[in-house]
Novice: 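First, the structure itself, so that you have it in front of you.
On a predicted model such as this, the values are computed, not experimentally measured, just so you know. The residues of the chain are indexed from 1 along the displayed sequence.
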Amino acid sequence: MLYSPSQRLAIACHPKTASTSLTTWFKRSFSDVVSADPIRPHVPVAEALQRLGLGRARGRLGWRAILRRPFAGRQAISGLVVAVIREPADMLASLYTYWRRRSSVVPRAPQSLAHTATTDSFGVFVHEAVVKARLPSYAEFLGVGGEAWHATRLIDFRSLEPGFRRVLREYGVEPPASLPKANMAPRTPEEDDLREAIREEMPALMPVIHERYRWYYEEGQSMMVRGDTPAEARAAA
């Protein structure tokens with residue numbers, strides 16, 4: 001998570017949800033940005049609040065005092081957490097291919113989930129990430145129902161830029177003309193072969209993905225801002 005004290009604006013960074021692009025824009029836009037963990041960028045929201053001194057266990061005010069009231073329509077609030085979420089199967093496939101692509105550049109610890117992605121099939125990776133719960137679900141990562149949930153806005157990855165612009169304008173921050181592009185998958189025969197292998201395995205894996213990400217399918221996707229119609233610009237709570 002990144003946080004700007006002057007803007008009282010935070011960006012929750014889940015893997016493969018345009019977090020690199022959002023981080024680049026955020027750091028360029030505000031000079032006072034601080035990170036919950038400079039080494040580990042994808043810190044779950046509840047842990048990030050503690051690291052930033054905004055959670056109940058630290059600081060005298062706590063996050064609920066900083067974010068004084070829920071988001072309401074187009075009224076600006078005193079603090080906001082922005083999070084982009086992506087269809088879980090799509091996110092897992094993207095994370096798997098990204099880690100495989102980067103395996104020759106970034107060494108992976110033998111016991112890490114990233115190492116599993118570089119050495120095993122997509123099915124094995126999903127079993128480790130989803131069945132063994134080595135990757136937090138969206139509900140766990142976002143801290144659904146927790147301290148900052150009432151002031152969290154969810155943006156649909158599929159309409160990232162218009163959704164992001166809508167949320168920032170409602171909050172009173174000038175949005176970027178466009179977000180920087182980063183970590184886009186190349187179109188190569190090797191990538192195409194990998195995507196085809198994932199497509200073949202995916203149908204058998206969907207039941208466990210749906211179970212692990214039940215919150216997304218039953219609630220989360222209906223809360224996402226898509227930047228198309230005002231009715232879909234809904235608060236997270």
Novice: Out of curiosity, F164 CZ to W25 CH2, how far, rounded to the nearest 0.5 Å?
Specialist: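 Reported value, rounded in 0.5 Å steps: 4.0 Å.
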Novice: Please check if the side chain of T97 supplies one atom and the backbone of S94 the other of a donor-acceptor pair under 3.5 Å.
Specialist: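 Side chain of T97 to backbone of S94: a pair is present.
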Novice: Under a single-linkage definition using a 4.5 Å side-chain heavy-atom cutoff for Ile, Leu, Val, Met, Phe, Trp and Tyr, are V124 and V130 assigned to the same hydrophobic cluster?
Specialist: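 Hydrophobic grouping puts V124 apart from V130.
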Novice: Main chain of D120, side chain of R100: is a donor-acceptor contact present, judged purely on distance under 3.5 Å?
Specialist: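 Present.
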Novice: Would you say the side chain of V82 lies within less than 4.5 Å of the side chain of Y171, judging by non-hydrogen atoms?
Specialist: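 Side chain of Y171 against side chain of V82, heavy atoms only: no contact under 4.5 Å found.
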Novice: Starting at CD1 of I85, measure out to CG of D156 and round the result to the nearest 0.5 Å.
Specialist: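 With rounding to 0.5 Å, CD1 (I85) is 7.5 Å from CG (D156).
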Novice: Got a second to check how far M1's CE is from F141's CZ, nearest 0.5 Å?
Specialist: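 M1 atom CE to F141 atom CZ measures 7.5 Å (nearest 0.5 Å).
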Novice: For a 4.5 angstrom cut-off between non-hydrogen side-chain atoms, does R212 reach P88?
Specialist: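 Result no, sub-4.5 Å side-chain heavy-atom pair not found.
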Novice: Decide yes or no for L194 and Y96: does some side-chain heavy atom of the first lie under 4.5 Å from some side-chain heavy atom of the second?
Specialist: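 In short, these two side chains touch, coming nearer than 4.5 Å.
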Novice: Between Y138 and Y216 (side chain of the first, backbone of the second, donor and acceptor by atom type, cut-off under 3.5 Å), is there such a pair?
Specialist: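 Flag not set: sc Y138 to bb Y216 has no pair under 3.5 Å.
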Novice: Using only atom types and a distance under 3.5 Å, with no angle test, would you say the side chain of E219 pairs donor to acceptor with the backbone of W215?
Specialist: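 Side chain of E219 to backbone of W215, a donor-acceptor pair under 3.5 Å: no, none is there.
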Novice: Name all residues meeting the side-chain contact (heavy atoms from CB on, under 4.5 Å) criterion together with D37; count only those two or more places apart in sequence or in a different chain, and write none if there are none.
Specialist: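 Applying side-chain contact (heavy atoms from CB on, under 4.5 Å) to D37 gives I39, R40, V43, R51.
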Novice: Closest heavy-atom contact between K16 and R86?
Specialist: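 Closest pair (atom of K16, atom of R86, distance): O-NH1, 2.8 Å.
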Novice: Mind listing the closest non-hydrogen atom pair of W149 and G143 along with its distance?
Specialist: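 Looks like CB-O, 3.9 Å.
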Novice: Taking atom CZ of R169 and atom CD of E174, what is their separation to the nearest 0.5 Å?
Specialist: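 Taking CZ in R169 and CD in E174, the distance rounds to 6.5 Å.
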Novice: Might you point out which heavy atoms bring G123 and L205 nearest each other, and give the distance in Å?
Specialist: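 That closest heavy-atom pairing would be CA-CD1, 3.9 Å.
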Novice: Can you name the nearest heavy-atom pair linking E128 to L113, along with the distance?
Specialist: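 E128 and L113 have their closest heavy atoms at CB-CD1, 3.8 Å.
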Novice: Looking at every non-hydrogen atom in both residues, tell me the closest pair between S137 and Y213 and how far apart they are.
Specialist: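 Closest approach of S137 to Y213: CA-CE2, 3.8 Å.
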Novice: Taking the side chain from S159 and the backbone from R226, do they hold a donor-acceptor pair closer than 3.5 Å?
Specialist: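 The answer is yes, because a donor-acceptor pair under 3.5 Å joins these two groups.
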Novice: Closer than 3.5 angstrom, by distance alone: can the side chain of E147 be matched with the main-chain N or O of A46 as a donor-acceptor pair?
Specialist: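 No, because the side chain of E147 does not come within donor-acceptor range (under 3.5 Å) of the backbone of A46.
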Novice: State, with a plain yes or no, whether a side-chain heavy atom of L80 is found less than 4.5 Å away from one of V173.
Specialist: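 No; the side chains remain at least 4.5 Å from each other.
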Novice: Nearest heavy-atom pair of M206 and A89: which atoms, and what distance?
Specialist: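 Nearest heavy atoms, M206 then A89: SD-CB, 3.7 Å.
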Novice: Side chains of L95 and L135: does their closest heavy-atom pair fall under 4.5 Å?
Specialist: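 SC-SC contact between L95 and L135 confirmed.
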Novice: Output the distance between atom OG (S35) and atom CD1 (I11), rounded to the nearest 0.5 Å.
Specialist: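 One gets 12.0 Å once the value is rounded to the nearest 0.5 Å.
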Novice: Can you list everything that forms a side-chain contact (heavy atoms from CB on, under 4.5 Å) with E196? Sequence neighbours excluded, please.
Specialist: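 By the side-chain contact (heavy atoms from CB on, under 4.5 Å) rule, E196 matches R199, E200.
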Novice: Between E211 and Y217, do the side chains contain an N or O donor and an N or O acceptor separated by less than 3.5 Å?
Specialist: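 On atom types as modelled, these side chains do not qualify, holding no pair under 3.5 Å.
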Novice: Under a 4.5 Å cut-off applied to non-hydrogen side-chain atoms, are Y3 and D32 in contact?
Specialist: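 No, too far: nothing below the 4.5 Å cut-off.
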Novice: Rounded to the nearest 0.5 Å, what separation is found between the CD1 atom of I198 and the CG atom of L92?
Specialist: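 Separation between the atoms: 10.0 Å.
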Novice: Tell me, do R134 and T116 make a side-chain contact under 4.5 Å, heavy atoms counted?
Specialist: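 Yes - at least one pair of side-chain heavy atoms lies under 4.5 Å apart.
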Novice: Just so I know, are the side chains of F30 and L2 near enough to count as touching, which here means a heavy-atom distance under 4.5 Å?
Specialist: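 F30 vs L2: side chains apart.
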Novice: Kindly determine whether L142 and L154 satisfy side-chain contact (heavy atoms from CB on, under 4.5 Å), including the steps that lead there.
Specialist: CA-CA 10 Å; L142 296 168; L154 306 178; 3.9 Å; yes
Novice: Does V225 offer a backbone N or O that forms a donor-acceptor pair with the side chain of R153 under 3.5 Å?
Specialist: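 No, because the side chain of R153 does not come within donor-acceptor range (under 3.5 Å) of the backbone of V225.
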Novice: Is there a donor-acceptor pair under 3.5 Å between the side chain of E47 and the backbone N or O of P44?
Specialist: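 It does not hold such a pair.
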Novice: Under 3.5 Å, is there a donor-acceptor pair between the S19 and T17 side chains?
Specialist: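 Checked: S19/T17 side chains show no N/O donor-acceptor pair below 3.5 Å.
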Novice: Name all residues meeting the side-chain contact (heavy atoms from CB on, under 4.5 Å) criterion together with H115; count only those two or more places apart in sequence or in a different chain, and write none if there are none.
Specialist: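 H115 satisfies side-chain contact (heavy atoms from CB on, under 4.5 Å) with R108, S112, T118, T119 only.
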Novice: Could you walk me through whether I155 and R166 pass side-chain contact (heavy atoms from CB on, under 4.5 Å), step by step?
Specialist: CA-CA 10 Å; I155 297 172; R166 178 186 290 276; over 6 Å; no
